[in-house]
Amino acid sequence: MKCRKCGEAAVINMRQHKLALCGEHYLEWLPEQVQRFIEKYQMFAPDDKLLVAVSGGKDSLGLWDILHRLGYQADGLYIGLGIDGGFGYSDQSRRLTEQFAAERGLSLTVVDIEDTYGATIPELAVISNRGHGKPCSVCGMTKRYVMNRAAYDGGYTVLATGHNLDDEAAVLFQNTLTWAGGYLVRQSPVLPASGDGLARKVKPLCRIYEREMAAYAIVRGIEYIYDECPHAVGSTTIYYKEILNQMEEKRPGAKLQFYLSFLQAKDQGLFSIEAQRPDLHACEKCGQPTTAPGECSFCRMWEKVRLVKAEAV
Ligand code: Q46
Ligand code: ZN
Ligand code: ZN
């Protein structure tokens with residue numbers, strides 16, 4: 001396989017785009033694509049102050065690298081979850097993230113959940129008794145909270161995450177199987193900021209395949225954590241990704257088409273009936289926006305942790 005631009009040996013063949021490229025041209029092509037989608041979905045402008053949520057994986061570090069190369073002002077946010085999984089998952093991912101930032105002179109904020117709030121995510125899952133012992137639901141909620149808060153406190157106008165096309169297509173597939181209208185209407189490359197304290201959220205990699213991000217990280221020499229979070233193993237998201245990969249194998253471009261036709265249908269008003277957002281008010285304790293009455297569910301969850309820990313001493 002030869003590079004379409006220069007005829008040298010290709011490092012990647014993207015069947016869905018009928019395009020093979022060498023390393024040099026691939027490193028040019030991918031950021032151009034990302035820039036095109038940033039503009040197409042009006043994600044942000046050059047004068048926006050971006051906060052990128054980085055996990056130490058190929059997608060978020062790749063995104064940070066690309067935004068930096070494109071000339072945006074993008075700082076990083078790493079959230080220490082306290083997950084070990086027998087191989088020091090959180091410690092390793094933090095080390096690689098800090099190394100990435102230090103090598104490039106980028107500014108990184110680290111929020112360690114245990115140091116800041118008093119328990120690790122796996123401890124929190126047990127104490128709060130949410131998610132039947134699986135930490136993902138408290139983890140997802142905690143990450144959303146911390147990201148929004150860090151964006152707000154740091155005066156960032158935009159919060160960017162490294163969700164790629166495979167992530168977006170898997171979530172879409174899952175929500176389509178149950179016709180979860182409320183989730184479907186909120187799945188978007190851009191969620192606008194709200195006056196009541198929610199930062200604008202963007203997914204600049206939403207049209208980039210996972211394997212394209214892996215190839216980018218390898219060719220660019222980014223050291224990232226290969227292992228997924230140990231709690232992702234056996235998750236429904238991985239199951240849906242596998243099904244979508246089988247479809248992609250037979251019909252290159254199937255995943256992208258699934259996602260793009262969804263965005264188009266949504267633009268045409270398919271889920272507009274679900275579009276009214278519930279009213280938000282400020283949490284009585286922390287001031288973050290919430291739909292819950294009184295204190296937000298995040299504050300209530302941690303109140304419970306404090307009570308349980310206080311009883312234990
Ligand atoms: S939610 Fe679950 Fe992820 Fe949190 S506990 Fe790991 S797998 S990191 S995206
Ligand atoms: Zn080339
Ligand atoms: Zn609160």
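Owing to the predicted nature of the structure, the values given are computational and were not obtained by experimental measurement. Computation of the quantities below employed the complete heavy-atom set of this structure, encompassing side-chain atoms and omitting hydrogens, waters and symmetry-equivalent molecules. For ligands, and for the atoms within them, numbers begin at 1 and follow the listed sequence.
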Q. Thinking salt bridges, do Lys5 and Glu24 make one under a 4.0 Å N-O criterion?
A. no
Q. What is the SG(Cys3)-the Zn ion (ligand 2)-SG(Cys6) angle, to the nearest 10 degrees?
A. 110°
Q. Below 2.8 Å, any N, O or S contact between Cys139 and atom 6 (Fe) of ligand 1?
A. no
Q. Just which atoms of ligand 1 are under 4.0 Å from any heavy atom in Cys136?
A. 1 (S), 2 (Fe), 5 (S), 7 (S)
Q | Mutual orientation of the aromatic rings belonging to Tyr145 and Tyr117 [parallel < 30°, tilted 30-60°, perpendicular > 60°] | A | perpendicular
Q | Ionic contact status for Glu32 with Arg36, cut-off 4.0 Å | A | no
Q | salt bridge (Lys or Arg N to Asp or Glu O under 4.0 Å) contacts in which one or both residues fall within residues 156-184, not counting sequence neighbours | A | Asp166-Lys255, Asp167-Lys241, Glu168-Lys203
Q. Does Arg69 use its side chain to pair, donor to acceptor, with the backbone of Leu27 at less than 3.5 Å?
A. yes
Q. By number and element, which atoms of ligand 1 are closer than 4.0 Å to a non-hydrogen atom of Ala232?
A. 7 (S)
Q) With atoms numbered from 1 as shown, which atoms in ligand 1 lie under 4.0 angstrom from a non-hydrogen atom of Cys229? A) 5 (S), 6 (Fe), 7 (S), 8 (S)
**Q.** For the Zn ion (ligand 2): the N/O/S atom of His25 at shortest distance
**A.** ND1
Q) atom 8 (S) of ligand 1: which of Lys143, Lys134, His231, Met141 has the nearest heavy atom? A) Lys143
Q | Electrostatic pair Arg200:Asp48 at N-O distance under 4.0 angstrom | A | no
